[in-house]
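Computed over heavy atoms, backbone and side chain alike; hydrogens, waters and symmetry mates excluded. Below, chains carry the letters A, B, ... as their sequence lines are ordered, and counting in each starts from 1.
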2 protein chains.
Amino acid sequence: MATGRTHRPATRSRGIPEATVARLPLYLRALTALSERSVPTVSSEELATAAGVNSAKLRKDFSYLGSYGTRGVGYDVEYLVYQISRELGLTQDWPVVIVGIGNLGAALANYGGFASRGFRVAALIDADPAMAGKPVAGIAVQHTDELEKIIDDNGVSIGVIATPAGAAQQVCDRLVAAGITSILNFAPTVLSVPDGVDVRKVDLSIELQILAFHEQRKAGEDSTGHEEGADAVPQPPVAPHRTAAGSPGADSSGRQGPDGDVPAVMPA
Amino acid sequence: MATGRTHRPATRSRGIPEATVARLPLYLRALTALSERSVPTVSSEELATAAGVNSAKLRKDFSYLGSYGTRGVGYDVEYLVYQISRELGLTQDWPVVIVGIGNLGAALANYGGFASRGFRVAALIDADPAMAGKPVAGIAVQHTDELEKIIDDNGVSIGVIATPAGAAQQVCDRLVAAGITSILNFAPTVLSVPDGVDVRKVDLSIELQILAFHEQRKAGEDSTGHEEGADAVPQPPVAPHRTAAGSPGADSSGRQGPDGDVPAVMPA
DNA sequence: ATGTCTTTGTGAACGCGTGCACAAAGATGG
DNA sequence: CCATCTTTGTGCACGCGTTCACAAAGACAT
């Protein structure tokens, strides 16, 4: 999972559960594909398979939107596409600004999936003066100084942060002050925002770490269970005793983590 | 949320809940920052704030790993960094291949967050013969024909798919056949994989759609509640009657969605 | 019109995740 | 050695999300 809302713990937005909202785009994509193949109707079973979910879950999800199906037949594809689009707010145009036009920001600007669903890249913003004016994905990059003006002029309410981690909070604060109320954060940092502002985050590194966890478990499930080495490598806390508060790294030599696949002992 | 495992419904991997595993990288990042500042110990309250979670949740998460804290003091930063790294499998080296070196693939190859946590980009693979040999992020791109050999030679078990949606399943199948057991998928498609293979997905478009939903709700929460227009725009299903099965779009003119912010009536 | 068959919509049970609140553990000071 | 104070670890309850299973609804055939 590369995401997770930060505030708004489980607000059950308008009777529609958060988990359901997160799946609606999935259904919409599957339905759009069917629509392009001119399929008139689809059963919950078929659509669920296409979206990769359980059919019961799909039916319950749709039940939050209303009774849009016909028993014995299924769902009208075109009609459902419209209803979900409307529910997600995709029947209107959403101008978006991308802040931080590095490798990732440029890739996002070029990403076709944005424009295809009502999201329009209104502006690209970068702090590097050398970037200003250079066209990326057909749009001239603008300097951070213009941030507030750009957002105000275009009525932007969604911002994408693709800056380095160090700059993210600062950029976030400016976006929020300028009126942005929804943020998609690609920087590996926890952003703090006032109530009323939604933050979703995508962290590539975290996704890989979760995969590594499962991968490790798969690899070691035939062994003793887990580690078997006996030599304690990283030193147990040995009763911290609050040693002055200094002694920086203490005995752990290199900072960049005690890597190397040294086995460790379970300390209890 | 840009993610979600596909198979392995809720396997509670080795006593550690999936939700906890997903948060471990978050803790690890916060702890690494503290470690760099040579902070020796940290309380659950402080660390929770830094990671953006509840302190009770953090303590419960850590309790699954073992009793690594000292009551009255807190947690030893260095020790905890090591324990979490080990639990996540980050004490070993994970070679990764990236398939699809377009804008996104190139951005991923350049992304520093990969290398910083034990993930090493072993190879970049693309189907375009013109790309072969061209260096991206200091690594020469190789052709898809070499895929199986590359994976076998380097003992790669984690693959990243950054191809267009149309090619994703095919690439996925080849990766799995070649021995890959963990996949991070950036293509907007549902991948089907055999049991034992983990898939996590990151979908930029879906994240934006979820934000749009909440944004729309915020915008319209002072109005009548929701829509108020009376003219039904998209046509209700009017009893499908299973009309032959032809009449493709029927009356809905343009395919690419009935956009424009037409208000709609709630059909019941 | 009646019966059969398909598929939806949902009531109910279950399990996971979250958060509260507190007892146990250990540090610290006298 | 005892008292006090801090902070962990966790039992418990609650709520959300998932899944099952089935009744109701409508299509379709005769």
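- At a cut-off of 3.5 angstrom, the base of C/dG19 holds at least one donor-acceptor pair with the side chain of B/K60.
- Each of A/Y79, A/Y75, A/Y82 was scored for a ring-ring contact (aromatic ring centres under 6.0 Å, His included) with A/Y68, with one residue passing: A/Y79.
- Straight-line distance from the CG atom of A/D61 to the P atom of D/dT18: 7 Å, rounded to whole Å.
- Nearest to the side chain of B/V73, among D/dT18, C/dA27, D/dG9, sits C/dA27.
- Between A/I16 atom CD1 and D/dC16 atom P the separation is 15 Å, expressed in whole Å.
- Listed by first and then second residue, the ring-ring contact (aromatic ring centres under 6.0 Å, His included) pairs that reach into residues 16-39 of chain A are A/Y27-A/F62, sequence neighbours excluded.
- In terms of heavy atoms, B/V53 sits closest to B/L26 at CG1-CD2, 4.4 Å.
- The distance from atom CZ of A/R59 to atom P of C/dG11 is 14 Å, rounded to the nearest whole Å.
- Contact check, B/T70 against C/dG26: no side-chain N or O comes under 4.0 Å of OP1 or OP2.
- Put simply, CG on A/D76 is 16 Å from P on C/dT7, counting in whole angstrom units.
- Set against C/dT8, C/dT18, C/dA27, the side chain of B/A19 has C/dT18 as its closest nucleotide.
- Counting distance only, with no hydrogens placed and no angle test, the side-chain atoms of B/R71 and the base atoms of D/dT7 include no donor-acceptor pair under 3.5 Å.
- The closest side-chain donor-acceptor pair between A/Q209 and A/S205 falls under 3.5 angstrom.
- Atoms CG (B/L65) and P (D/dG9) sit 10 Å apart, rounded to a whole Å.
- Out of C/dG9, D/dG9, C/dG19, the shortest distance to the side chain of A/S63 is found at C/dG9.
- Atom C1' of nucleotide D/dT8 and atom CG of B/N54 are separated by 14 Å, given to the nearest angstrom.
- Between the CG atom of A/L80 and the P atom of C/dT8 there is a distance of 11 Å, given to the nearest Å.
- Applying the salt bridge (charged side-chain N to carboxylate O under 4.0 Å, His left out) test to residues at least two apart or on different chains, the pairs with a partner in residues 58-75 of chain B are B/R23-B/D61.
- Among the nucleotides C/dG9, C/dT8, D/dC20, the one closest to any side-chain atom of A/A56 is D/dC20.
- Within the nucleic acid shown, B/F62 has no heavy atom closer than 4.0 Å to any nucleic acid atom.
- Taking atom OH of B/Y64 as the reference point, atom C1' of D/dG9 lies 12 Å away to the nearest angstrom.
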